[in-house]
Amino acid sequence: MEEPVVTIAALNHRFGDKNLERQVLFEIDLKVQPGEIVLLTGPSGCGKTTLLTLVGGLRSVQQGSLVVLDQQLGGASPPELVNVRRQIGYIFQSHNLLQFLTARQNVRMALELDPRATDIENRTQQILEAVGLGERLDDYPEKLSGGQKQRVAIARALAHRPALVLADEPTAALDSKSGRAVVELMQHLSRVQRTAVLMVTHDNRILDIADRVIKMEDGYICT
Amino acid sequence: MKVTWVRFKTPLAWLQVTREKTRLAVALAGIAFANILMFMQLGFLGALFTSITIPHKSLQGDLVIVQAQYETLFSIRSFSRDRLLAALACPEVASVNPLSVAPAIWRNPVTRTGRAILVFGVSPERPAFAAAVADLEPLKIPDRVLFDRAARPEYGPVASTYAAGERVVTELSDRQVEVEGLFSVGPSFAADGNIITSETTFLRLFPERSPSKIEVGLLMLKPGADPIQVQRELAGRLPPDVKVLTPQSFAQLEADYWAGSTGIGFIFGLGTIVGFVVGAVIVYQILYADVADHLSEYATLKAMGYTDRYLFGVVVQEGLILAVLGFVPGVVLSLGLYVVAREATLFPISMPFDRLVLVLVLTVGMCAASALIAARKLQAADPADIF
């Protein structure tokens with residue numbers, strides 16, 4: 001049996017100062033296996049985005065155990081967090097592409113972080129062709145449609161073959177057709193690269209791509 | 001644990017700076033403007049020092065004697081001619097050469113308007129001015145003067161008329177004189193032009209003056225004599241109402257006077273600082289707007305695993321790129337303005353290499369400082385906020 005990509009045990013998280021403190025995550029237990037696609041759903045404010053940022057090493061763990069790619073994030077130093085982040089692919093609600101870089105340069109930015117990456121030029125081209133943008137390599141984001149930008153973002157997230165991809169409502173800004181195309185692309189690439197995906201979504205139309213759907217409510221995982 | 005070494009191949013700073021052409025143009029215009037401000041101020045300051053010491057550097061002598069309280073040639077005090085004879089008693093001194101200096105009113109021969117001019121009285125036998133500057137021979141005739149061909153045009157078309165072979169007769173200090181030759185010193189901040197005449201004519205121009213008083217004594221030393229040593233010896237030998245200077249310290253005293261004892265050095269120095277601050281503010285505005293506009297993108301880079309230091313470096317690089325790119329038009333425009341200012345003022349405004357280096361260093365410092373301040377905004381780029 002392979003080690004899980006993410007192992008969460010008894011994770012609690014609070015926001016605010018002492019007097020105004022509000023707990024947003026309660027006793028979260030969760031494992032994500034390699035290559036598994038897990039969808040997190042639930043109403044706004046249920047804590048799913050907070051959970052995602054914790055797993056991504058973008059927020060410090062307060063209480064509980066959170067192991068991502070063999071690194072305990074509780075008490076991890078900033079350089080350790082940076083190293084974990086480099087092994088994760090991130091896809092955001094808005095594409096967050098660098099406006100002053102072309103599609104090709106945006107993807108390169110992810111590959112250049114990997115000191116072992118070789119043949120960056122070809123790999124950039126391959127991954128952009130895989131997301132159907134082989135013709136738009138040197139276009140700036142402003143020239144691309146919303147769906148195309150999100151596909152560049154997916155290419156950027158998957159270019160360095162991360163073991164884990166974190167996605168926050170990647171279809172929210174897209175119409176149903178391009179949204180469907182985008183998640184199917186993610187599903188396909190995750191199968192090919194054996195990448196685990198942890199995706200927060202409100203979008204009921206895409207639940208079928210998941211291996212597992214986890215519902216959250218008021219900071220708890222519903223079982 | 002250290003973050004592993006990373007190859008950064010995409011020149012992020014360059015791509016970001018050059019992507020938005022309008023913003024780049026505004027930034028470069030701002031930096032060039034700051035450069036022009038600094039270059040003009042430093043140019044005028046440099047011209048002040050150059051022009052103000054041209055007469056000093058045109059004089060011939062191994063040592064110079066002036067009155068003890070000497071500060072500037074343009075309000076010079078006199079001392080007794082006997083001091084020169086005392087200096088001549090020193091065995092290393094080969095010859096002495098007295099020089100009288102006083103301002104007078106020159107009447108424009110065409111418009112008849114009066115204007116102050118600096119008059120030097122010399123002995124026609126001994127070349128007080130370097131041979132290249134003036135030939136003193138014609139001054140042996142009384143009431144003849146040599147006119148500064150580089151003087152401001154307000155004195156009238158003296159040089160051109162004389163060069164055309166016509167006589168130039170006008171009044172100097174209410175006495176009729178005739179121009180009998182030209183020399184070249186040029187205007188300074190203190191005098192718009194210069195006149196050289198003989199001691200005899202000088203005393204006729206200023207009848208209230210005593211022939212026993214002079215303003216500058218030029219000493220020629222015997223071959224092989226060490227000026228510094230003779231200077232020390234003369235300082236002990238002569239009464240304390242005069243001081244002995246090397247030609248360098250003679251010019252330096254003049255420069256110090258204008259830099260320190262007048263407001264001029266301060267004003268131009270302040271102007272340079274204002275240029276620096278204006279440039280720094282413009283660059284800061286541009287870089288701050290750049291960081292603020294791209295905050296979510298910087299946060300994304302942080303999420304992907306780029307370090308704070310890397311992003312900090314990008315902003316600083318942007319500042320340095322702007323500094324170098326803005327410096328080029330700044331220099332070109334300043335050189336053009338130097339030509340315009342030189343023609344308008346006749347001041348010796350030039351662009352010495354060390355000023356180029358100074359302003360480049362100031363520009364780089366200005367942009368780096370602005371970038372460091374603007375880069376603090378990066379801390380607001382929190383990757384946890386972009387989810």
Side-chain angles (χ1 to χ4, degrees), chain A residues 48-54 56-60 71 76-102 104-117 120-121 140-142 153 156-157 159-160 162 166-169 200, chain B residues 1-25 27 286-287 289-315 317-318 321-322 325 378-387:
Chain A
K48 53 193 193 303
T49 296
T50 306
L51 182 59
L52 204 63
T53 55
L54 281 165
L58 306 177
R59 234 180 249 292
S60 356
Q71 169 72 49
S77 69
E80 285 171 332
L81 286 178
V82 168
N83 259 327
V84 168
R85 286 186 209 159
R86 288 184 181 176
Q87 300 169 53
I88 298 175
Y90 297 86
I91 299 168
F92 307 91
Q93 187 170 342
S94 63
H95 53 85
N96 281 331
L97 296 176
L98 277 72
Q99 298 294 323
F100 52 89
L101 299 184
T102 61
R104 189 201 296 271
Q105 288 164 337
N106 264 292
V107 173
R108 281 189 69 116
M109 288 301 290
L111 277 172
E112 286 172 8
L113 271 170
D114 182 355
R116 292 156 311 183
I120 288 179
E121 203 50 60
Y140 286 95
E142 64 193 23
R156 177 173 68 176
H160 58 302
L166 302 176
D168 188 26
E169 311 215 25
V200 164
Chain B
M1 179 173 172
K2 276 197 65 158
V3 174
T4 47
W5 179 79
V6 175
R7 289 167 301 173
F8 295 117
K9 284 184 179 163
T10 302
L12 206 60
W14 172 258
L15 292 170
Q16 172 151 3
V17 161
T18 51
R19 175 73 181 130
E20 287 177 59
K21 305 287 187 244
T22 316
R23 182 174 279 182
L24 176 65
I286 295 283
L287 289 180
D290 239 12
V291 174
D293 287 357
H294 297 292
L295 212 52
S296 68
E297 294 159 32
Y298 281 128
T300 305
L301 288 176
K302 278 194 195 177
M304 285 162 62
Y306 282 93
T307 58
D308 287 358
R309 242 178 80 188
Y310 169 78
L311 295 176
F312 198 76
V314 168
V315 176
Q317 280 174 45
E318 284 181 37
I321 290 169
L322 289 178
L325 289 186
L378 281 174
Q379 286 160 2
D382 182 356
D385 289 341
I386 49 172
F387 264 115

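Any value given below was found using the heavy atoms of this structure, including those in side chains, with hydrogens, waters and symmetry copies removed. These numbers were taken from a predicted model, which means no experiment stands behind them.
- Within residues 291-300 of chain B, the residues having any heavy atom less than 4.5 Å from a heavy atom of chain A are, in residue-number order, B:His294, B:Ser296, B:Glu297, B:Thr300.
- The greatest number of non-hydrogen atom pairs below 4.5 Å with chain B, out of A:Val84, A:Thr50, A:Asn96, A:Leu54, is found for A:Asn96.
- No side-chain heavy atom of B:Val17 sits under 4.5 Å from any side-chain heavy atom of A:Phe100.
- Within the 4.5 Å cutoff, the side chain of A:Thr102 has no heavy atoms near those of the B:Leu15 side chain.
- Here the CG atom belonging to A:Leu98 is positioned 10.0 Å from the OG1 atom belonging to B:Thr10, to the nearest 0.5 angstrom.
- With hydrogens and angles disregarded, a donor-acceptor distance shorter than 3.5 Å links the side chain of A:Arg85 to the backbone of B:Lys302.
- Of all the listed residues (A:Glu169, A:Gln87, A:Arg59, A:His160), the one sharing the greatest number of non-hydrogen pairs under 4.5 Å with chain B is A:Arg59.
- Here the shortest heavy-atom pairing between B:Arg19 and A:Glu142 reads NH2-OE2, 2.9 Å.
- The two atoms that bring A:Phe92 and B:Ala303 nearest to each other are CZ-CB, 4.2 Å, heavy atoms only.
- In this structure, B:Asp382 has no salt bridge (Lys or Arg N to Asp or Glu O under 4.0 Å) partners at least two apart in sequence or on a different chain.
- At a 4.5 Å heavy-atom cutoff, A:Ile88 makes no contact with chain B through either its backbone or its side chain.
- Side-chain contact check for A:Met109 versus B:Leu12: some heavy-atom pair is nearer than 4.5 Å.
- For the pair B:Gly305 and A:Val82, the tightest heavy-atom approach, listed with the atom from each and the gap, is O-CG1, 3.3 Å.
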